[in-house]
Amino acid sequence: MQNFLIVLSNILFQQQVEMADFMRQEGKIWVVVGVILILFIGIISFLISLDRKITKLEKNNK
Amino acid sequence: MLKHWWKALSVLILLYVLVGGLVNDVPRLAILNETIRNVYFHVPLWFGMMALLVASMVYAIKYLRNGKIKNDIYSSQLANVAIGFGVLGFLTGALWGNYAWGSPLPQDPKLIATEVGMLIYAAYFVLRSSFEDEQRKARLSAIYNIFAFAAFMPLVWILPRMTDSLHPGNGGNPAFGSYDMDNAMKMIFYPAVIGWTLLGVWIASLRIRVRKLEIQQLEQFNN
């Protein structure tokens with residue numbers, strides 16, 4: 001009986017590992033995705049504009 | 001435009017990794033919960049750092065063989081970005097470890113090995129700044145680079161596996177194996193490594209071009 005209870009509680013515990021299901025159910029995970037995408041696209045735009053500036057300087061020097 | 005294809009590729013891959021990494025299903029593991037998604041961000045930073053350090057050492061060897069300053073610039077800027085990635089990896093690891101291991105700086109061999117490795121490369125930059133003469137600076141720092149790499153690799157790959165460690169894959173822990181990093185995760189993890197490494201290469205290439213312009217302008221100024 002004790003063994004059965006241990007095994008059963010282990011199985012139940014595995015199903016109850018807390019994840020961000022609530023966030024995902026409500027669709028809020030997309031808010032997180034959106035924030036991170038805004039940051040990422042902002043940084044990439046900065047990199048691209050930097051790249052272009054450097055290209056222009058290299059052309060001027062040539 | 002054609003020669004920038006790899007930059008666009010890195011951006012596309014990283015967009016895929018960022019969205020997919022947050023939205024797709026991951027194994028439900030106790031203690032880790034959702035933080036297992038850090039595997040897409042923290043781990044590729046370190047792999048990218050290794051790739052950049054390899055490239056840095058290759059250019060150091062090239063400099064020693066033909067004495068062109070260009071190789072020295074490549075070598076030092078690649079090491080520069082690699083250490084930048086290392087610092088980011090360190091910070092992200094500390095944040096992750098705080099919640100997964102209970103402390104941001106536990107006594108873990110891999111962590112200590114990376115601390116030592118970062119110090120070794122910090123000394124590389126101090127060494128560089130202590131020289132006025134360009135050729136001597138380049139030659140000594142190239143030699144140091146090779147030794148730094150040769151010391152760092154066993155420290156971070158071999159030593160942690162020989163002792164008790166907290167990191168997965170080291171010291172008696174199973175690696176992120178088939179039960180907790182299933183195929184769906186691998187489909188995002190492997191592109192993530194490529195994407196972050198390419199981003200590091202892009203940043204290094206920008207720094208190299210700026211350095212080249214600085215040198216050109218200095219020569220023009222002096223003449």
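Any value given below was found using the heavy atoms of this structure, including those in side chains, with hydrogens, waters and symmetry copies removed. Residue numbers start from 1 in every chain, and the chains themselves are labelled A, B, ... in the order their sequence lines are given, proteins ahead of strands.
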>> Heavy-atom count check: over 12 atoms from other residues, nucleotides or ligands less than 6.0 Å from B:Gln220 CD?
In response: yes
>> Given heavy-atom pairs under 4.5 angstrom as the criterion, report whether the side chain, backbone, both or neither of A:Ile54 touches chain B.
In response: both
> Can you tell me how far CD1 of A:Ile41 sits from CG of B:Leu14, rounded to the nearest 0.5 angstrom?
Replying inline: 11.5 Å
> Side chain, backbone, both or neither: which part of B:Ile203 has a non-hydrogen atom closer than 4.5 Å to chain A?
Replying inline: side chain
> Does CZ in B:Arg139 sit with more than 12 non-hydrogen atoms of other residues, nucleotides or ligands closer than 6.0 Å?
Replying inline: no
>> Test of understanding: with side chain to side chain contact (heavy atoms under 4.5 Å, CB included), list the residues that count as partners of B:Trp202, not counting sequence neighbours.
In response: A:Ile44, A:Leu47, A:Ile48, A:Asp51, B:Trp6, B:Lys7, B:Ser10, B:Val11, B:Leu199, B:Ser205, B:Leu206
>> Please evaluate residues B:Leu22 and A:Trp30 with respect to the criterion side chain to side chain contact (heavy atoms under 4.5 Å, CB included), reporting the C-alpha separation (whole Å), side-chain torsions for both, the decisive distance (0.1 Å), and the verdict.
In response: CA-CA 9 Å; B:Leu22 288 171; A:Trp30 292 104; over 6 Å; no
>> For A:Glu58, I'd like to know if atom CD has over 12 heavy atoms of other residues, nucleotides or ligands within 6.0 Å.
In response: yes
>> Please determine whether the number of non-hydrogen atoms from other residues, nucleotides or ligands lying under 6.0 Å from atom NZ of B:Lys137 exceeds 12.
In response: yes
> CD of B:Gln217 to CG of A:Asn60: how many Å apart, nearest 0.5 Å?
Replying inline: 9.5 Å
>> Quick one, A:Val33 with B:Leu18, criterion side chain to side chain contact (heavy atoms under 4.5 Å, CB included). Give me CA distance, side-chain angles, the key distance, then yes/no.
In response: CA-CA 8 Å; A:Val33 173; B:Leu18 282 172; over 6 Å; no
>> Please determine whether the number of non-hydrogen atoms from other residues, nucleotides or ligands lying under 6.0 Å from atom CZ of B:Phe125 exceeds 12.
In response: yes
> Rounded to the nearest 0.5 Å, how far does OG1 of A:Thr55 lie from NE2 of B:His4?
Replying inline: 5.5 Å
